[in-house]
Student: 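Just passing along the structure, written as structure tokens.
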Amino acid sequence: MPSYRVRVVPGVLHRGVDPAAVLPAAIEAAGERTTVEAGTVEVVRGEPRITVRYEALDDQTASDVGRAVVARVGELVVVETSRVTRRSGARWYPMR
């Protein structure tokens, strides 16, 4: 089964949101729809990134999962950008 990931660059937290709640919420949103392989928060060039990696049968399903994750994260923080990518070998490629 193909592996996909959604990356979200979060902005400002909504009032009263615990920063520690954002990653678990993103993982839960994906997990309600498919098998989650991993979830991480990292800082790249001073910018935070939330990444959820998951399995999906096809690109459409992967896009739907990605949108669900972004929507859930958007309830907690301002989403600056997001992107769903598909793994092929050792590389990740943007969805078309």
Side-chain angles (χ1 to χ4, degrees):
M1 185 174 299
S3 184
Y4 295 85
R5 71 181 178 193
V6 58
R7 279 199 164 154
V8 179
V9 175
V12 177
L13 287 165
H14 294 309
R15 184 176 302 262
V17 173
D18 179 2
V22 180
L23 179 61
I27 292 169
E28 181 181 336
E32 291 172 352
R33 292 158 180 82
T34 191
T35 300
V36 174
E37 297 172 339
T40 60
V41 174
E42 56 192 344
V43 178
V44 178
R45 292 183 294 277
E47 183 177 76
R49 277 191 202 161
I50 298 167
T51 302
V52 179
R53 196 174 75 233
Y54 54 92
E55 297 177 351
L57 294 173
D58 55 41
D59 289 356
Q60 182 60 52
T61 303
S63 292
D64 294 344
V65 172
R67 280 193 295 277
V69 170
V70 172
R72 179 65 182 117
V73 171
E75 294 172 2
L76 305 173
V77 302
V78 174
V79 173
E80 298 292 332
T81 63
S82 65
R83 175 181 241 182
V84 176
T85 54
R86 178 183 46 234
R87 187 174 188 167
S88 181
R91 297 196 53 182
W92 293 93
Y93 295 94
M95 301 275 291
R96 294 180 194 258

Student: Is any side-chain heavy atom of Trp92 closer than 4.5 Å to a side-chain heavy atom of Arg53?
Tutor: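 They are in side-chain contact.
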Student: For Pro48 versus Pro10, what's the shortest heavy-atom pair and its separation?
Tutor: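 Where Pro48 meets Pro10 most closely, the heavy atoms are O-CD, 3.5 Å.
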Student: Kindly give the heavy-atom pair with the smallest separation between Ala68 and Ala29, and that separation in Å.
Tutor: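 That closest heavy-atom pairing would be O-CB, 3.9 Å.
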Student: Could you walk me through whether Arg5 and Thr51 satisfy the side-chain hydrogen bond (donor to acceptor under 3.5 Å, both in side chains) test, starting with their C-alpha distance in whole Å, then the side-chain angles of each, then the deciding distance to 0.1 Å, before giving a yes or no?
Tutor: CA-CA 7 Å; Arg5 71 181 178 193; Thr51 302; over 6 Å; no
Student: Does the side chain of Glu47 come within less than 4.5 Å of Val9's, by heavy atoms?
Tutor: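 With C-beta onward as the side chain, the pair touches.
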Student: Mind checking who shares a hydrophobic cluster with Val65, ILVMFWY linked at side-chain heavy-atom distances under 4.5 Å?
Tutor: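 Its cluster mates, by chain and number, are Tyr4, Val6, Val8, Leu13, Val17, Val22, Leu23, Ile27, Val36, Val41, Ile50, Val52, Tyr54, Val69, Val70, Val73, Leu76, Val77, Val79, Val84, Met95.
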Student: Verify whether one side chain among Asp58 and Thr61 offers a donor that lies under 3.5 Å from an acceptor in the other.
Tutor: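 A pair is found: one side chain offers a donor N or O, the other an acceptor, under 3.5 Å apart.
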Student: Show every side chain to side chain donor-acceptor pair (under 3.5 Å) that has at least one partner inside residues 14-26, sequence neighbours left out.
Tutor: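 Checked against side chain to side chain donor-acceptor pair (under 3.5 Å) - neighbours excluded - no pair reaches residues 14-26.
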Student: Is any side-chain N of the basic residue among Arg33 and Asp64 closer than 4.0 Å to the acidic one's carboxylate O?
Tutor: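 Judged by the 4.0 Å cut-off on N to carboxylate O distance, Arg33 and Asp64 do not form a salt bridge.
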Student: So does Arg83 have more than 12 non-hydrogen atoms from other groups sitting under 6.0 Å from CZ?
Tutor: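 No.
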Student: Please test Glu55 against Ser3 for side-chain hydrogen bond (donor to acceptor under 3.5 Å, both in side chains), starting from the C-alpha separation and ending with a verdict.
Tutor: CA-CA 5 Å; Glu55 297 177 351; Ser3 184; over 6 Å; no
Student: Is Leu57 close to Met1 at the side-chain level, that is, under 4.5 Å between some pair of heavy atoms?
Tutor: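 With C-beta onward as the side chain, the pair touches.
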Student: Run the side-chain contact (heavy atoms from CB on, under 4.5 Å) test against Val44 and tell me which residues pass, sequence neighbours left out.
Tutor: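 Partners of Val44 by the side-chain contact (heavy atoms from CB on, under 4.5 Å) criterion, ordered by chain and then number, come out as Glu42, Arg49.
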